[in-house]
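Single-structure report; data block below.
Position 1 is the first residue of the sequence; numbering continues from there. Note that these values count all heavy atoms, side chains included, but never hydrogens, waters or copies made by symmetry. Just so it is clear, the structure is predicted and the values come from calculations on it, not from any experiment.
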Amino acid sequence: MSTALLSTAEELHARVRHGRRAVVMTMGALHEGHATLIRAAREIAGPGGEVVVTVFVNPLQFGAGEDLDRYPRTLEADLKLAGQAGADAVFAPAVDEVYPGGEPQVRVSAGPMGERLEGASRPGHFDGMLTVVAKLLHLTRPDVALYGQKDAQQLALIRRMVRDLNFGVEIIGVPTVREEDGLALSSRNRYLSPDERRTALALSRALFAGRDRHAAQEALRARAREVPSTQARAEALSAIGESRAAADAHAVATAVPGGQAAVRAAARQVLDEAARFDPPLRLDYLALVDPTDFSEIGDGFTGEAVLAVAARVGTTRLIDNIPLTFGSLGAAS
């Protein structure tokens, strides 16, 4: 069955619905990361349901000097990829279909979370993003909508909007898809020259360095908890040559409470080195945040966290992140 290309809400609403409708929202220039989202949507919708992919380059979420005009438009290729991944329809409306009266006077506000990290670097971006997501949710009327975790702050804000404004839709996050060398898939990767791409690998390497430091600390703390501080145990450890290992474990557990500073430091070291590359990486932010509101976490924090980074290489701005878990819940995710 071929994938239908729809350009108006009237065409979309005229489709006979069977089962669940799962929607994947994109700005086009589809790649394997989008295909992963579509395949996940296909599985959720099931053979009797419907998968709709939206392709819309939203002008509201581009600021002055950003790449709206040069953002890639590849609708024919997008339609092919979407169909191969399992989409039943691609909804690709024109700007005046989504905003029939011009720029909307009433918009969704992202609130305080939308002013942090990406919001601080790109003022108004999240207001524009949430406004178009709200409109597309109304236009497509899905039972479930899927978004990539690479845009972690965007995903958190969409979830908050859906909860706070009582949208009747389930929001599902899908893990980041990476190339073999670790670079997170993005439509903007095509802007990178070969030399710029080599520099850009520092984003994922920094995140992995932070993750590895965290995992090592968690392993040492787990070992420390297994070593009681009794004289008999100390003598037994000494007898089998493990006293130094036990002491090291206790020292690490005591010296770096929570380990958040060490995670940041490990990631920062990689980014600082990349700033001296040719071409250099220009860091926008490195943050270790609470995923519920994207505020920085402090020492002693326990629970889920996100290590996030944004930087420019040449004229291209890239973002990436990984989830971590601190405390009794476990080590790196």
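- At a threshold of 4.0 Å, the pair Glu32-Arg39 counts as salt-bridged, since one of the basic side-chain nitrogens sits closer than that to a carboxylate oxygen.
- With respect to Pro142, the side-chain contact (heavy atoms from CB on, under 4.5 Å) criterion is satisfied by exactly one of Leu136, Val52, Val23, Ile171: Val23.
- Cluster membership for Val90 and Ile38, using ILVMFWY side-chain heavy atoms within less than 4.5 angstrom, is shared.
- A donor-acceptor pair under 3.5 Å links the side-chain atoms of Thr26 to the main chain of Thr54, judged by distance alone.
- Of the possible donor and acceptor atoms, none in the side chain of Arg213 sits under 3.5 Å from a partner among the backbone N and O of Ala266.
- Between His214 and Phe326, the two ring planes are tilted [angle within 30° to 60°].
- Using modelled atom types and a 3.5 Å distance limit, the side chains of Asn58 and Tyr71 yield no donor-acceptor pair.
- The side-chain contact (heavy atoms from CB on, under 4.5 Å) test with Leu60 is passed by exactly one of Thr131, Val95, Asp127: Thr131.
- A donor-acceptor pair under 3.5 Å is formed between the side chain of Gln153 and the backbone N or O of Glu118.
- The cluster map of Ile, Leu, Val, Met, Phe, Trp and Tyr, joined by side-chain heavy atoms under 4.5 Å apart, puts Met129 and Val98 in the same cluster.
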### Task
Show the numbers, then the answer: is there a salt bridge (Lys or Arg N to Asp or Glu O under 4.0 Å) between Glu273 and Arg205?
CA-CA 11 Å; Glu273 292 172 357; Arg205 287 204 305 267; over 6 Å; no
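- Side chain of Asn321 to backbone of Gln149: a donor-acceptor contact under 3.5 angstrom is found.
- Side-chain contact between Arg160 and Thr292 is absent, with no heavy-atom pair separated by less than 4.5 Å.
- A heavy-atom distance below 4.5 Å is found between the side chains of Leu288 and Glu296.
- Under the 4.5 Å side-chain contact rule for hydrophobic residues, Met27 and Val177 do not share a cluster.
- By the rule that hydrophobic residues join a cluster once side-chain heavy atoms approach within less than 4.5 Å of another member, Val132 and Leu75 end up as members of separate clusters.
- Not one N or O on the side chain of Arg159 forms a donor-acceptor pair closer than 3.5 Å with the backbone of Ala156.
- Salt-bridge annotation for Arg197 and Asp181: present, with a side-chain N of the basic residue lying under 4.0 Å from a carboxylate O of the acidic one.
- In this structure a side-chain-to-backbone donor-acceptor pair under 3.5 Å is missing from Glu196 to Pro279.
- Remark: the backbone N or O of Leu30 is paired with a side-chain donor or acceptor of Asp78 at under 3.5 angstrom.
- For the pair Asp143 (side chain) and Ala45 (backbone), a donor-acceptor distance under 3.5 Å is absent.
- Under a hydrophobic-cluster definition in which Ile, Leu, Val, Met, Phe, Trp and Tyr are linked whenever side-chain heavy atoms come within less than 4.5 Å, directly or via other members, Leu139 and Val108 are assigned to the same cluster.
- When side chains are defined from C-beta on, Leu130 counts as touching Ile158, because their heavy atoms get closer than 4.5 Å.
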